[in-house]
Amino acid sequence: MSLDVTSTQRPAPTRNMEQIVSLCKRRGYMFQNSEIYGGCNGFWDYGPLGVELKRNIKEAWWHDMVTSHNDMEVLSGAPAIYSMTGIDSTIIMHPQVWKCSGHYDLFHDFMVDCRESKKRYRHDQIVGRWVQAKGKRIFATAQTSEQELEQLERQAMKFFKLRAKNKEQMEWEGDVIALVDLDVEHRESVLAPDAKSLDTLTEPREFNLMFKTTIGALGGENDAAFLRPETAQGIFVNFKNVIDSTRFRLPLGIAQTGKSFRNEITPRNFTFRSREFEQMEIEFFCHPDASGDWYRFWRDRRMQWYQDLGLSADRLILREHAASELAHYSIGTADIEYAFPFLPAGEYGELEGVSHRGDFDLRSHMEGKLTKELELELGEDGKPKHRGSGKDLSYRDDLTNEKFVPHVIEPSAGADRAALAFLCEAYCEDQAPDEKGKMQTRTVMRLHPRLAPIKAAVFPLVKKDGMPEVAKKIYLDLKKHFNVFYDDKGAVGRRYRRQDEAGTPYCITVDGQSLDDQTVTIRDRDTLKQSRVSIGECVAAIQEGLASQ
RNA sequence: GCGGGUGUAGCUCAGUGGCUAGAGCGUCACGUUGCCAACGUGAAUGUCGAGGGUUCGAAUCCCUUCACCCGCUCCA
């Protein structure tokens with residue numbers, strides 16, 4: 001006897017971030033880290049349900065991209081057959097890795113704040129020039145840009161309260177010089193780029209965007225190392241090892257999941273901007289001539305993956321970076337972005353970046369840190385600023401005998417951001433009838449069955465007449481295949497609703513009829529429909545559900 | 001880093017100097033229950049974010065600090 005349910009159509013989900021955060025805490029998806037001590041800014045923990053969700057996401061990714069990859073046939077949209085494999089590298093690596101990758105220089109910016117305008121600037125991006133008018137001499141500044149000269153003039157005119165026609169009253173002296181090169185004793189003459197009064201800039205302060213640590217119990221400054229800010233470099237530095245230790249041939253993708261660390265300046269938006277986060281990255285190595293086609297293949301394939309696991313196409317966009325944003329060696333970079341509920345309408349947050357990186361990374365680890373123009377960056381002494389490994393990371397095609405430095409396509413996804421997006425997408429309040437047939441609000445997490453922390457719950461309809469015994473046996477049988485949950489407490493309707501909030505796609509109920517004919521009902525989370533199957537068919541029925549959609 | 005807001009039970013929140021800090025939901029036990037949370041009875045639950053101060057007395061006023069949210073900034 002199945003219920004007569006009318007609310008099968010899917011209403012527009014309520015997407016209130018506060019309610020989602022509240023449910024995450026209440027049901028054990030996510031907790032603030034070190035909460036009993038007041039929390040730790042930018043760090044979040046996964047609870048009993050959250051850890052299963054995140055594991056399922058990572059396992060789905062690894063399964064879909066790596067272990068189940070079909071390397072015998074050309075995939076739809078792919079230029080050719082290709083191989084996939086994986087590695088697992090350490091979080092702490094040789095410090096030179098980050099110097100050659102560019103992270104060391106980029107992640108060590110000195111910043112100055114303006115006390116008046118509250119703006120923050122990179123210290124090395126401010127330039128200025130001495131100027132004198134009305135008997136006063138100041139150092140007017142502007143941010144480095146194409147219009148920096150006009151900006152300087154405008155800043156100075158504003159300060160001296162001069163009209164455009166009187167601007168010749170200003171006497172400029174010397175060339176435009178970087179603020180970095182200005183003598184510190186002149187600080188009180190500096191007019192900040194957006195200030196009206198003098199001397200409003202703070203001391204330059206170092207922003208360590210990488211987490212610094214020390215190798216060795218007695219280590220000092222010479223033993224400084226960094227927690228990786230991305231997993232990608234572990235793949236690049238192991239490229240040669242993978243090629244030499246296997247019989248893989250290009251094109252080849254090497255996958256890795258793992259924690260990365262960045263000192264985000266502003267951790268914000270629940271887990272979206274965390275300082276410790278987990279990545280799922282692929283570095284796909286291919287021949288330079290085909291790299292454009294592979295880039296488009298991966299971009300589209302990764303976009304489709306999120307949709308296959310339930311993210312709505314309406315809330316996903318593929319944002320191609322403009323040509324002006326790209327390093328000149330790159331054919332393209334596309335961000336896969338999701339309309340998170342904490343963002344204003346029309347704005348999207350990045351889930352994954354797919355970029356064409358040319359041979360930048362492998363060459364950097366061969367020769368040393370490269371500029372964006374792919375030239376070796378030199379220090380003041382004319383030697384390489386950061387010396388590479390000197391190892392030959394090029395690839396020899398043993399069929400054509402051609403030797404080349406492979407190009408790389410990098411689909412780089414955030415596991416925590418994916419988890420957050422799936423949770424946001426899944427959160428839904430709909431209407432379901434109570435025992436009197438009156439419609440009640442129901443909170444349900446419509447997670448894809450593959451991602452759902454618990455695949456099925458098993459209930460005896462009532463806690464008597466031998467039903468618990470039958471249900472427990474089914475529970476133990478299912479447990480060999482899936483993460484399942486047993487509950488015999490309270491009214492069955494309440495048990496259903498609890499599973500709805502946990503996102504459990506199926507509830508199996510043992511009732512009076514089960515005792516006679518060895519059948520049970522399976523209730524679908526989204527439609528509330530029940531179907532009756534024999535006890536022996538339960539595993540197959542759930543497996544079918546996991547495979548569908 | 002700046003400005004604004006918030007912080008009281010697992011969750012949502014009430015409580016603006018005066019009894020032993022409350023409510024709803026949730027949780028647990030027993031009973032009831034034969035399919036969608038709100039039937040009965042009973043129970044547990046709080047460093048009032050943390051530290052310090054003022055006061056006879058502080059969840060409440062003051063200072064410091066931490067976290068979260070919003071807006072700048074940042075997003076390499």
- [ ] Could you tell me whether A:Glu18 contacts a base, only the sugar-phosphate backbone, or nothing, with contacts defined as non-hydrogen atoms closer than 4.0 Å?
- [x] nothing

- [ ] State whether a side-chain donor-acceptor pair under 3.5 Å links A:Gln279 with A:Gln256.
- [x] no

Open item on the list: Can you tell me the base-pairing partner of B:A37? Count Watson-Crick or G-U wobble geometry only, both distances below 3.5 Å, and say none if there is no partner.
Closed with: none

TODO: Measure distances between side-chain N and O atoms of A:Arg494 and base N and O atoms of B:A37, and say whether any donor-acceptor pair falls under 3.5 Å.
DONE: no

Task: Any strand: nucleotide that pairs with B:U12 via Watson-Crick or wobble, under 3.5 Å - done: B:A23

Open item on the list: Distance check needed: B:A37 C1' versus A:Arg525 CZ, whole Å only.
Closed with: 18 Å

- [ ] If the glycosidic angle is within 90 degrees of 0 it's syn, otherwise anti, so just tell me which one B:G34 is.
- [x] syn

Open item on the list: So if I take every side-chain heavy atom of A:Tyr496 and compare against B:C35, B:U33, B:C68, which nucleotide ends up nearest?
Closed with: B:C35

Task: Atom-pair distance (CD on A:Glu35; P on B:G46), nearest Å - done: 16 Å

TODO: Answer yes when A:Arg27 and A:Asp500 have at least one side-chain N-carboxylate O distance shorter than 4.0 Å, and no when they do not.
DONE: no

Open item on the list: Would you say A:Lys489 places a side-chain N or O within less than 4.0 Å of OP1 or OP2 belonging to B:C28?
Closed with: no

Open item on the list: Nearest to the A:Trp44 side chain among B:C68, B:C70, B:U33, which nucleotide is it?
Closed with: B:C68

TODO: Please determine if A:Glu278 and A:Lys54 form a salt bridge, counting it only when a charged side-chain N lies under 4.0 Å from a carboxylate O.
DONE: yes

Open item on the list: Please report the distance separating the P of B:C61 from the corresponding atom of B:G17, rounded so that it comes out in whole Å.
Closed with: 8 Å

Task: Candidates B:G34, B:C36, B:C69 - which lies nearest the side chain of A:Arg268 - done: B:C69

TODO: Establish, from distance only, whether the side-chain atoms of A:Glu281 and A:Thr231 form a donor-acceptor pair under 3.5 Å.
DONE: yes

TODO: Round to a whole Å and report the spacing from CG of A:Asn269 to C1' of B:C68.
DONE: 11 Å

Task: Distance-only donor-acceptor test (3.5 Å): side chain A:Arg523, base B:C36 - done: yes

Task: Proximal nucleotide (of B:G34, B:C69, B:C35) relative to the A:Thr521 side chain - done: B:C35

Task: Mate of B:G18 where both pairing distances stay under 3.5 Å, Watson-Crick or G-U - done: B:C56

Open item on the list: Looking at A:Tyr37 and B:C66, is any side-chain donor or acceptor paired with a base atom of the opposite kind under 3.5 Å?
Closed with: no

Open item on the list: If I pick the C1' atom on B:A23 and the same atom on B:G15, what distance separates them, to the nearest angstrom?
Closed with: 10 Å

Task: Watson-Crick or G-U counterpart of B:C74, or none if no pair lies under 3.5 Å - done: none

Task: Between B:U33 (P) and A:Lys464 (NZ): distance, integer Å - done: 5 Å

- [ ] Could you check which nucleotide pairs with B:G42 in any of the strands shown, counting Watson-Crick or G-U wobble with both distances under 3.5 Å?
- [x] B:C28

Task: P gap between B:G26 and B:U41, integer Å - done: 15 Å

TODO: With a 3.5 angstrom cut-off on both distances, give the Watson-Crick or G-U wobble partner of B:G7, or none if there isn't one.
DONE: B:C66

- [ ] Decide whether A:Thr519 and A:Arg532 meet the rule of one side-chain donor and one side-chain acceptor closer than 3.5 Å.
- [x] yes

- [ ] Tell me which nucleotide among B:G10, B:C28, B:C35 gets nearest to the side chain of A:Lys25.
- [x] B:G10

Open item on the list: Using a 4.0 Å heavy-atom cut-off, does A:Arg262 contact any base of the nucleic acid, only the sugar-phosphate backbone, or nothing at all?
Closed with: base

Open item on the list: Regarding A:Asp361 and A:Ser364, do their side chains bring together a donor and an acceptor under 3.5 Å, going by distance alone?
Closed with: no

Open item on the list: So, under a plain 3.5 Å distance rule, would you say the side chain of A:Arg273 forms a donor-acceptor pair with the base of B:C75?
Closed with: yes

